[in-house]
Amino acid sequence: MIDLKYMQKNFDEVEKKLRKKSVDSALLEEVRGLFEQKKAAQQALEELQAKQNKDSKLFGVYKKEGKDIGQLQAVVAETKKQIAEQNAIASELEQKLLNVASGIPNIPDEEVPEGEDEEQNVELEKIGELPKFAFEPKEHWELAQNGWIDFERGVKLAKSRFAMFRDKGAKLERALVNYFLDHNGENGFEEVSVPLLNNADMLYGTGQLPKFGDDLFQTDDGLYLIPTSEVPLTNIYNDEILQESQLPLRFTAHTPCFRKEAGSAGRDTRGIIRQHQFSKVEMVALCTPEQSDELMEQMVQNASELLSNLGLAHRKVMLCGGDLGFGAARTIDLEVWLPGQNCYREISSVSNTRDFQARRAKIRYKQGKKNKLVHTLNGSALAVGRTMVAIMENYQQADGSIKIPEILHKYM
RNA sequence: CGGGAGAUGGCUGAGUGGUCGAAAGCACCGGUCUUGAAAACCGGCGAGGGUCACACCUCCCAGGGUUCGAAUCCCUGUCUCCCGGCCA
């Protein structure tokens with residue numbers, strides 16, 4: 001949630017900044033109008049409430065003094081009626097404002113480049129050497145003929161866009177998870193194991209709800225399968241007030257992630273690049289505003305290290321405004337080189353949401369006497385399935401076999 | 001899933017219809033004292049909105065209800081603890 005008070009006072013500035021994310025300006029105008037209306041209604045309501053409170057307290061006094069309360073009763077009855085009416089008006093406006101405003105995305109940082117979509121993302125740095133092959137490198141689903149991935153049976157057990165790993169494939173997945181968690185742990189991230197079903201408040205907190213509910217699997221008792229462990233990790237301190245000395249807090253967790261991939265029909269239908277269920281190791285940080293830029297760097301660096309240690313060539317990309325996620329003020333993607341596909345593909349995405357999620361999730365910290373909103377950051381380190389793809393394609397041999405990267409040897 | 005108890009400020013915990021947003025203790029912050037610290041003493045100290053600042057409004061798990069007035073009474077839900085059943 002963006003800061004509505006700030007937005008009201010600096011409407012033109014906010015509108016201009018949001019243009020980078022191509023937000024409908026009619027929506028913003030609506031918010032501005034609603035804010036004024038709501039405030040007026042609120043004030044009117046509070047005046048009435050104050051009157052009623054005052055009169056009600058008089059009852060006690062009158063009774064003690066033995067005075068007649070008949071007239072007072074009539075006055076209060078009238079006030080009550082007015083309160084009911086005014087309350088209806090005020091709460092409707094408030095609800096409307098909240099609905100509309102919660103659909104406004106975060107304001108992009110100054111440095112975020114202009115752009116419509118991923119075409120305009122800006123490459124920051126290339127890391128590692130592209131591998132050379134004396135043969136035509138295959139794509140991972142061809143290589144998976146070796147039995148590592150069983151696509152057909154994954155589909156049979158669930159439906160399309162589900163797969164299962166077997167034998168060395170399953171072991172490779174487990175090895176990667178262990179390696180990632182160890183590495184993140186050594187770099188200051190506390191390892192946690194979280195509920196995979198979260199309630200609606202948490203999904204609102206991180207921004208998936210109410211706007212992106214279509215992409216979530218929901219249970220019949222109102223819980224949601226997490227689309228990323230960013231949701232539980234960020235919400236660990238939902239509606240709590242932290243001490244400044246506790247910050248920054250850094251967490252890492254491995255979880256499966258569940259996404260309906262609504263609207264992705266026809267994209268990446270082959271292989272395991274885009275699945276309904278995938279495994280991911282995530283990093284999340286809660287920190288002060290002063291700390292958040294440095295943490296962002298650290299998290300990108302941490303993910304990049306994992307790729308380098310696996311011997312995988314990759315690049316850092318700064319997302320342009322149009323490609324930024326709903327809650328992100330800035331995002332840096334890591335894209336790994338896939339020789340089979342002959343292109344770079346996203347394997348990690350690190351975002352700073354500033355106080356956008358913290359405002360929704362009510363995560364604050366005490367700075368002296370004041371309660372301030374924390375900054376929240378999240379990033380993958382790494383997407384496990386896609387790392388498997390990268391290893392298969394980069395480490396494939398002429399005979400179709402796949403070498404295991406050195407660093408994983410002790411894990412499998 | 002069945003029976004009982006409970007849910008109050010960072011924590012512990014009083015409060016059963018009327019100036020209660022709420023005693024007390026702990027924690028925390030400021031001060032006095034001290035070479036320094038501890039102890040002792042004095043003061044402050046829930047959250048959100050509102051205001052230049054006050055005033056004022058809302059919140060005692062959530063949602064309804066009773067009442068002029070509810071943390072306090074009633075109903076529903078959620079969660080926690082204990083007892084029983086089931087179970088990885």
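In what follows, every chain begins at residue 1, and chains take the letters A, B, ... in the order their sequences are listed. It should be emphasised that the depicted structure is a prediction, and the values quoted were computed from it without experimental measurement.
rG17(B) is unpaired under the Watson-Crick or G-U wobble criterion, no partner having all donor-acceptor distances under 3.5 Å. In this structure, rC87(B) makes no Watson-Crick or G-U wobble pair, since no nucleotide meets both defining distances under 3.5 angstrom. Remark: rC28(B) base-pairs with rG44(B); criterion is Watson-Crick or G-U wobble with both hydrogen-bond distances under 3.5 Å. Searching all strands for a Watson-Crick or G-U wobble partner of rG6(B) with both distances below 3.5 Å returns rC79(B). Both distances falling under 3.5 Å, in either a Watson-Crick or a G-U wobble arrangement, occur for no nucleotide opposite rG36(B). Applying the Watson-Crick and G-U wobble criteria (two distances, each under 3.5 Å), rA22(B) pairs with nothing in any strand.
Here the C1' atom of nucleotide rG46(B) and the OH atom of Tyr365(A) are 19 Å apart, to the nearest Å. The distance from atom CZ of Arg359(A) to atom C1' of rG48(B) is 13 Å, rounded to the nearest whole Å. One interatomic measurement links the two molecules: CG of Asp239(A) to P of rU78(B), which rounds to 21 Å at whole-angstrom precision. With rounding to whole Å, Lys362(A) atom NZ is found 19 Å from rU58(B) atom P. Look at CG on Leu45(A): it is 21 Å from P on rG48(B), rounded to the nearest Å. Remark: P of rA47(B) and CG of Leu373(A) are 14 Å apart, rounded to the nearest angstrom. Rounded to a whole Å, the CD atom of Glu46(A) is 9 Å from the P atom of rG50(B). Between the CD atom of Glu94(A) and the C1' atom of rC59(B) there is a distance of 13 Å, rounded to whole Å.
Side-chain nitrogen and oxygen atoms of Asn53(A) include none within less than 4.0 Å of the OP1 or OP2 phosphate oxygen of rU19(B). For the OP1/OP2 pair of rG17(B) and a distance below 4.0 Å, the side-chain nitrogens and oxygens of Lys57(A) include no atom meeting the criterion. Of the side-chain N and O atoms in Gln52(A), one or more sit less than 4.0 angstrom from OP1 or OP2 of rG69(B). Proximity of Lys80(A) to the phosphate of rG69(B): a side-chain N or O atom is located under 4.0 Å from OP1 or OP2. Side-chain N/O atoms of Lys5(A) include one lying less than 4.0 angstrom from OP1 or OP2 on rG50(B).
In summary, the side chains of Thr288(A) and Gln291(A) do present a donor paired with an acceptor at a separation below 3.5 Å, with no hydrogens or angles considered. Between Asn302(A) and His183(A), the side chains place a donor N or O and an acceptor N or O closer than 3.5 Å (distance only, hydrogens not considered). Counting only N and O atoms by type, the side chains of Lys211(A) and Ser102(A) include no donor and acceptor under 3.5 Å apart. Inspection of the Glu13(A) and Tyr6(A) side chains reveals an N or O donor paired with an N or O acceptor under 3.5 Å.
Comparing the P positions of rA71(B) and rC61(B) gives an interatomic distance of 10 Å, to the nearest angstrom. Atom C1' of rA47(B) sits at a distance of 9 Å from the matching atom of rG9(B), rounded to the whole Å. Nucleotides rC45(B) and rG64(B) have their P atoms positioned 32 Å apart, rounded to a whole Å. Taking atom C1' on both rG2(B) and rC57(B), the two are 45 Å apart, rounded to the nearest angstrom. Between rC73(B) and rG17(B), the distance separating the two C1' atoms is 8 Å to the nearest Å. Only the P atoms considered, rC75(B) is 15 Å distant from rG3(B), to the nearest whole Å. Taking atom P in both rA70(B) and rU80(B), the straight-line distance is 30 Å, to the nearest Å. For the P atoms, the distance linking rG25(B) with rG46(B) amounts to 15 Å, nearest Å.
Looking at heavy-atom distances under 4.0 Å, Asn371(A) makes contact with sugar-phosphate atoms alone, never a base. Using a 4.0 Å heavy-atom criterion, one finds that Lys366(A) contacts the sugar-phosphate atoms exclusively. At a threshold of 4.0 angstrom between heavy atoms, the contacts of Lys51(A) with the nucleic acid are absent.
Under a 3.5 Å cut-off, the side chain of Glu114(A) and the backbone N or O of Lys20(A) do not form any donor-acceptor pair.
Nearest-nucleotide mapping onto RNA chain B: of Leu58(A) and Phe35(A), the residue sitting toward the 5' end is Leu58(A).
Of the candidate nucleotides rG69(B), rG50(B), rA47(B), rA47(B) has the atom nearest to the side chain of Ile241(A). Listed nucleotides: rC57(B), rA47(B), rG18(B). Nearest to the side chain of Ser56(A): rG18(B). Closest approach to the Val76(A) side chain among rG50(B), rA47(B), rC68(B) is made by rC68(B) (side chain taken as heavy atoms from C-beta onward).
Of the candidates Lys366(A), Lys362(A), Lys372(A), Lys366(A) is the only one forming a side chain to side chain contact (heavy atoms under 4.5 Å, CB included) with Ile241(A).
Using bins of under 30°, 30° to 60° and over 60° for the plane-to-plane angle, the ring pair His276(A)/Phe162(A) lands in the tilted bin.
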